[in-house]
Amino acid sequence: MRGDDGAPVTVLGDATPRSLTRAVVDRVRPLRFDLMPEPVRRTAVHCVLDVVGVAVVGSTTPPATLVRAEMFDERSSGPAGVVGDPRRLPAAAAALVNGTAAHALDFDDVSAAMGGHPSTVVLPAALAAAERHGLDGPEMLAAFVAGVETACLVGRLMGPEHYARGFHTTATVGAVGAAATAAHAAALDEDGWCRALGIAATRAAGLKSMFGTMTKPLHAGFAAETGVRAASLAARGFTAHRDVLGAEQGFREVLGGTGVLPPEGAFDILDVLFKRHASCFLTHSSVEGLLRLREQGLRADEVEAVRLRVPPGHLRVCAIPDPTTPLEAKFSLRHTAALALVTGDLSERSFTAESPADPRLAAVRERVDIVARADDSPATEVRVRRRHGPELVAEVDVSVPDPATPSELDRREVVLRRKLLGLVEPHVGADRTARMLTAIEGLPTARTLDDLRAAVAV
């Protein structure tokens, strides 16, 4: 079945024929910050709180500094602020730089619905597009939520097969989410939205084989840049297939999508998960299990052997056996397990250049065995055989979202404030960190983004 523009259409539950891309656009394009439920508004600010902190520190890492140098060599100035630098860049270039910085530590939030990291792509695109179009805080946050929701809807359409094939969903699905946030910021009409998503989708790319290298954070930067560029071209009248998600040989079909759109009504942003440790999220269940045993008195010197029974997909993401760099260490179940047992600390300061070769960690790492679960459980089972005493067992699944109750939102805000302070204050001092927090928490009523831009240009 085809619509008036010749694009394939899908018949939704209300029997109204619409293209799959328009079905997504119709859900997110009308979003306004003041009309969102309070848990959604608070969660949006929490996402900003989380990703700004990791981006500020991430801006000092080699991937971010190299990309920033490249962009300033090519471009002189523009309307958009850059994290870690007082200069400005054109919007798409700023999104590239800031997206790379936001993902450089691999400490940013994750979404099961999207199958990747939403805020690290969508927020850089939202900030760059908002500054380009002169949006205020609520308008920027509305664009941000629209981008996250789009990324999650497209992630659901793709399903797990896309990621299992080797695509880095943050890079692919993230580019479409970034285009949505930029389209929202530019106030494009429905047709413009569909064309922007089409432009972004045809440019979206990213391979999981890049995990453990500088190119993984570059994926987030590329996706943010692609989204901003796609919306800008669409605003100029650039054409694209209007149903890139549902078309024959379109994004979903070609890249292995097997999912469907969920019923309307729920906000996927409420299920975003925030990292406690500065490593791949798929290492967190193992780490948490070992930390629980450590809190019960387990010592690294009494460990004879550790067996991690993990979901099979983990073995294709974070199973680097003997890492040699900090980035590789973040994607090593064995190394993060050793850190949990030896130091109990998996903050960013633990992933140093010396860490992989540390003899204490290397010795424990050699005692860690990883096997795939034979069932469908998303949990990790940790079994520790000690030199003396009974075997210890823990089973943990960190992928379950916290309920969006007022008390839980309050608790999470405290945790995220502490995370930002711990990351940023050692780099920029207490006064500037306090200004950063004030600027972020004031976004729901901010008339401009000037305070936030000034605070992060460190």
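All values below were derived from every heavy atom in this structure, side-chain atoms included, with hydrogens, water molecules and symmetry-related copies excluded. For reference, positions follow the sequence shown, starting with 1.
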Neighbour count >12 (heavy atoms, 6.0 Å) for atom [atom1], [X]:
X: R349; atom1: CZ; answer: no
X: R276; atom1: CZ; answer: no
X: D376; atom1: CG; answer: no
X: Q249; atom1: CD; answer: no

Value rounded to 0.5 Å, distance of [atom1] in [X] from [atom2] in [Y]:
X: E395; Y: S285; atom1: CD; atom2: OG; result: 9.5 Å
X: M158; Y: L153; atom1: CE; atom2: CG; result: 13.5 Å
X: L49; Y: E441; atom1: CG; atom2: CD; result: 6.0 Å

With a 4.5 Å cut-off on side-chain heavy atoms, are [Y] and [X] touching?
X: V82; Y: F72; result: yes
X: L127; Y: N98; result: no
X: R68; Y: V83; result: no
X: F211; Y: C318; result: no
X: F331; Y: L282; result: no
X: L291; Y: E288; result: yes
X: L443; Y: M140; result: yes
X: D268; Y: M114; result: no

Basic-acidic side-chain contact under 4.0 Å: R417, E413: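 Answer for the salt bridge query: no.
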Salt-bridge contact D189-R29 (side-chain N to carboxylate O under 4.0 Å):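 No, this pair does not count.
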List the residues meeting ring-ring contact (aromatic ring centres under 6.0 Å, His included) with H277, not counting sequence neighbours, and say none if there are none.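 For H277 the ring-ring contact (aromatic ring centres under 6.0 Å, His included) partners, ignoring immediate neighbours, are H284.
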Qualifying residues under ring-ring contact (aromatic ring centres under 6.0 Å, His included), relative to F167, sequence neighbours excluded: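 Testing F167 for ring-ring contact (aromatic ring centres under 6.0 Å, His included), a comparison that skips the adjacent residues, returns H162.
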When you measure from the side chain of [X] to the backbone N and O of [Y], does any donor-acceptor pair fall under 3.5 Å?
X: R309; Y: A372; result: no
X: K330; Y: T336; result: no
X: R41; Y: M36; result: yes
X: E149; Y: I269; result: yes
X: T43; Y: P39; result: yes
X: T61; Y: G58; result: yes
X: D402; Y: D271; result: no
X: S77; Y: R88; result: no
X: R252; Y: L157; result: yes
X: R195; Y: A234; result: yes

Write out all pairs satisfying side-chain hydrogen bond (donor to acceptor under 3.5 Å, both in side chains) with one or both partners inside residues 107-120, taking only residues at least two apart or from two chains.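 Sorted result for residues 107-120: H103-D108, D108-H117, D109-S119.
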Set of residues satisfying side-chain hydrogen bond (donor to acceptor under 3.5 Å, both in side chains) with respect to S279, sequence neighbours excluded: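 Applying side-chain hydrogen bond (donor to acceptor under 3.5 Å, both in side chains) to S279 gives T283.
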When the side chains of residues 197-208 are checked against the rest of the protein, which donor-acceptor pairs come out under 3.5 Å, sequence neighbours left out?
residue	atom	partner	partner atom	Å
R203	NH1	T226	OG1	3.4
K208	NZ	Y163	O	2.9

Should D136 and T448 be marked as a side-chain contact (heavy atoms from CB on, under 4.5 Å) after you check the CA-CA gap, both sets of side-chain angles, and the distance that decides it? CA-CA 5 Å; D136 61 21; T448 73; over 6 Å; no
Which pairs pass ring-ring contact (aromatic ring centres under 6.0 Å, His included) with one or both residues in residues 219-238, sequence neighbours excluded?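 As it turns out, the ring-ring contact (aromatic ring centres under 6.0 Å, His included) pairs with a partner in residues 219-238, which skip direct neighbours, are H168-H219.
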Does S232 form a side chain to side chain donor-acceptor pair (under 3.5 Å) with R132? I'd like the steps, not just the answer. CA-CA 10 Å; S232 180; R132 180 177 188 178; 3.0 Å; yes
Take L135 and L449, measure what side-chain contact (heavy atoms from CB on, under 4.5 Å) needs, and give me the verdict at the end. CA-CA 8 Å; L135 304 191; L449 301 177; 5.5 Å; no
Do you know which of D50, L346, D106, V398 makes side-chain contact (heavy atoms from CB on, under 4.5 Å) with K275?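 Going through the options one by one, the only one that passes is D106.
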Go through the steps for V272 and V110 under the test side-chain contact (heavy atoms from CB on, under 4.5 Å), then give the verdict. CA-CA 6 Å; V272 164; V110 297; over 6 Å; no
R22 and D243: CA distance, side-chain angles, deciding distance, salt bridge (charged side-chain N to carboxylate O under 4.0 Å, His left out) verdict: CA-CA 7 Å; R22 283 183 176 172; D243 187 23; over 6 Å; no
Candidate pair D375 and S377, rule side chain to side chain donor-acceptor pair (under 3.5 Å), full reasoning: CA-CA 6 Å; D375 55 24; S377 172; 4.8 Å; no
Intermediate values then yes/no, side-chain contact (heavy atoms from CB on, under 4.5 Å), V415 and F274: CA-CA 10 Å; V415 170; F274 298 92; over 6 Å; no
